[in-house]
Amino acid sequence: MDITKSTPRKLLVPGLLLLILIALATLPLYGPLIGVQVYRLFLPTVCFMYIALAVSWAMFSGSTGYMSLAPAAFLGVGMYTMALLREVLPLGVIIIAAGLLSFLIALLVGLVTLRLKGIYFAIFTFGLVVLIGQLVLYYEIHVNAIRGRDIAPTSPENGYYIMLGIAVATLLTAYFIRRSRLGLAMQSIGGNEEAAAHMGINTTMVKVITFAISAIFMGAAGATLAARIVFVDPTMAFNLNYSFMPVLMAIFGGLGQLYGPVIGAPIFALLQYWLSANFARYYSLIFGIILIIAIVYMPGGLAGLLPKLRNRLEGVITKLWKGGKAEQRANT
Amino acid sequence: MIEQIPQILISGLLSGGILALIALGMNIQYGVGKVFNIAHGEFIMLGAFITYVLYTGAYGISPIITLAVSGPILFLLGFVLYRTLFTSLRTRAPTPAVFEGNSLLAAFGLIFVIQNIALLIWGGRTRLYLWLNSPVYFGGMVFRANRLVALGLAVAICVAFYIFMKRSRLGKAFRAAAQDPAAAGLMGINITLVLALCFGFGAMLAGFAGSLVSMYSSISEVMGLNFAIGAIVVMVLGGLGSIPGSFIGGFITGILGSLVSFYAAPLLAPAYYGLFLILLLVRPQGLLGKR
């Protein structure tokens, strides 16, 4: 029974994912028919950005338990890389450069900070966002005498496809890291770092490497976002909301599963958009309450709710099935 | 240049006192309640608006007397928040580290909620009232009277709180709960009540600080986060969990800040945060903290 069932099931997941991917890749073609064109593909692009941010955040912080509040720093670095190089280099090269720059910064930051434990690491990454933002602000105002920078835009379709590509690349990387020795090492660090070190895991190296890899996608996403929003200034690029949102999205979706952040991010982004469009006055009140409820009542996130829901459904179905059988027997 | 140094130092002390009070409140919330309360600034904002409303309202109550209103209201708010929200987070969390992370995020959610409610009530205008705005001359230096009153009250509150923590039974219970909540619970301390009381006291200090801030500067619904960031710097400088550390750290940060604004050297703001990060790396336990 189980064997015959498991083969189609094994094919089911990748097949379904492929279908979703095809549907998303062709969205610009049929989008106008279902009304997506209204926002010039901006909303789905932002959703992909948040998927990339949430998944890459969970890649490092979700498994090791080190809470990083640095996403805004890398996103901002990516945005400024785009702003500075847009006229000089082709788009793709800048995005890769932004990823590499974020990688290097994360490598440096990781090497000096990852001996900080618990809340100190969170405070440091929080401070890092403020520091880089202040440095850029200083440089722009006092050296270049400008407040912000205009960026030559890329087409909505371009931005959409690049962001989709970044999101998919993030997901694939997260998937393979999870399955590799690196992923196992990180999980044992999250479980008990001292025990992991005693088992021969080079904990510092594992943490630094993953922290740096996760920063690549944040930087690349930032560069792409900058090419879509056409203007950056330091307060906007290094906004702490960009640090907290991916964290909350990942937790809302569920850190236990790879797909948790993937479903959490777009739901959150769409919710935020819908609330701010329809309840402008009460938007952050409702949003804050939802945040708090999610943190208190959904420790496993949406992904944690799904198995529970399935168990309950299966329970109901078997009950009905048995009940039906009993009835049949009674009739005959 | 030289003759201006006393003036700079004293104006640093003036802002340092308030910073110390703010950091003190945030520090006991973290040190005892284990909530890294990034929404502390919103409590300050509420305290400031309570004073504003009472002073500019029909009875024109003196801002000093409004401390007796803003403190208890914020205490109640903090107590209820900890007793409901943070207690349920604490009992659900598998490890203390998870609770610290989750409570930081829940506090971030609180910022949205409190700010939005304040905006709905007061409408998002920057506000200012003038009170004791007369100059005071002292040894060739000029200060505004309201700042001196605010500093005096801030220091008095800090000292009173320090004595309370050292001498009273409740203060002892707070310190016991900070060291080891489980053991403190076994010693007969009602831990849920004590932690909630402690968070309430932290919020009360924020309410006092808000009332004091409103005496000499303009206030708005979005003023909170900057105070919270300032308090984080002070806390790390003085040491997480150390009350005297926060007190001294507040004055050091205040003096540094007034040097920065006096010389108006633009690179000093990044340098300030850079130093903060270096300090965090070299001595994460702060000047007076214990590991």
Side-chain angles (χ1 to χ4, degrees), chain A residues 61 65-67 69 109 112-113 115-139 141-143 190-192 240-241 243-245 247-248 250-252 255 279 281-299, chain B residues 30 34 36 38-39 81 84-89 92-98 100-120 225 228-229 232-233 235-236 240 265-282 284-286 291:
Chain A
S61 297
Y66 278 76
M67 189 155 100
L69 292 175
V109 170
V112 292
T113 59
R115 65 194 192 88
L116 293 175
K117 294 268 181 292
I119 201 83
Y120 291 102
F121 180 70
I123 299 175
F124 188 96
T125 49
F126 181 90
L128 185 72
V129 177
V130 181
L131 173 67
I132 299 184
Q134 289 284 344
L135 274 176
V136 174
L137 188 69
Y138 158 77
Y139 197 79
I141 289 183
H142 294 282
V143 179
N192 185 337
L240 280 167
N241 276 348
S243 278
F244 277 100
M245 279 309 151
V247 181
L248 291 161
I251 290 174
F252 178 71
L255 291 176
F279 304 94
R281 273 169 63 81
Y282 305 93
Y283 145 68
S284 57
L285 178 65
I286 304 172
F287 190 65
I289 290 174
I290 293 174
L291 277 185
I292 292 170
I293 290 177
I295 293 163
V296 177
Y297 292 106
M298 292 163 44
Chain B
Y30 178 71
K34 291 286 173 265
F36 198 82
I38 197 170
L81 276 177
T84 53
L85 172 61
F86 293 112
T87 302
S88 71
L89 277 176
R92 278 161 211 263
T95 64
V98 172
E100 282 184 22
N102 283 349
S103 59
L104 171 62
L105 295 174
F108 180 72
L110 275 180
I111 293 181
F112 283 89
V113 174
I114 298 175
Q115 249 183 37
N116 196 292
I117 293 175
L119 278 170
L120 287 175
L225 192 62
I229 292 177
I232 292 173
V233 175
M235 276 167 68
V236 169
L240 288 186
L267 199 54
L268 279 174
Y272 179 69
Y273 289 106
L275 275 177
F276 162 64
L277 292 190
I278 291 168
L279 181 80
L280 191 55
L281 283 178
V282 179
Q285 71 271 40
R291 257 265 132 117

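Letters A, B, ... mirror the listed sequences (proteins, then strands); counts begin at 1. Given the structure is predicted, the values throughout are model-derived calculations rather than measurements.
Taken to the nearest 0.5 Å, the CD1 atom of A:Ile292 stands 12.0 Å off from the CG atom of B:Asn102. Put simply, CG on B:Leu105 and CG on A:Leu69 are 7.5 Å apart, with the number rounded to the nearest 0.5 Å. Of the inter-residue distances, the one linking B:Ile38 atom CD1 with A:Leu240 atom CG reads 7.0 Å to the nearest 0.5 angstrom.
Residue contact with chain A, scored on non-hydrogen atoms closer than 4.5 Å, is absent for B:Val233. When heavy atoms are compared at a cutoff of 4.5 Å, B:Phe86 does not approach chain A at all. For B:Leu119, no part sits under 4.5 Å from any heavy atom of chain A, backbone or side chain. Proximity to chain A (any heavy atom under 4.5 Å) is restricted, for B:Ile232, to the side chain, taken from C-beta onward. Both the backbone and the side chain of A:Leu128 come within less than 4.5 Å of a heavy atom in chain B. If you measure heavy-atom distances from A:Phe126 to chain B, the contacts under 4.5 Å come from the side chain alone. For A:Val112, the parts lying under 4.5 angstrom from a heavy atom of chain B are both the backbone and the side chain. Looking at A:Leu291, only its side chain comes within 4.5 Å of chain B, counting heavy atoms on both sides. For A:Ile123, the parts sitting under 4.5 Å from any heavy atom of chain B are the backbone and the side chain alike. Of the atoms belonging to A:Phe124, heavy atoms from both backbone and side chain fall under 4.5 Å from chain B.
Closest approach of A:Leu131 and B:Gly274 over heavy atoms only: CD1-N, 3.5 Å. In this structure, A:Ile289 and B:Val113 approach most closely via the heavy-atom pair N-CG2, 3.7 Å. Nearest heavy-atom pair across B:Pro270 and A:Leu135 is CB-CD2, 3.6 Å.
Looking at A:Leu248 and B:Phe108, their side chains come closer than 4.5 Å, going by heavy atoms from C-beta outward. Contact annotation: the side chain of B:Leu240 approaches that of A:Tyr120 to within less than 4.5 Å [non-hydrogen atoms, C-beta and beyond]. Within the 4.5 Å cutoff, side-chain heavy atoms of B:Tyr30 are placed close to those of A:Ile119. Using a 4.5 Å cut-off on side-chain heavy atoms (C-beta onward), A:Tyr282 and B:Leu120 make contact.
For the set A:Phe287, A:Tyr139, A:Phe244, the count of heavy-atom pairs under 4.5 angstrom toward chain B peaks at A:Phe244.
Checking side-chain atoms of B:Asn116 against main-chain N and O of A:Arg281 turns up a donor-acceptor pair under 3.5 Å.
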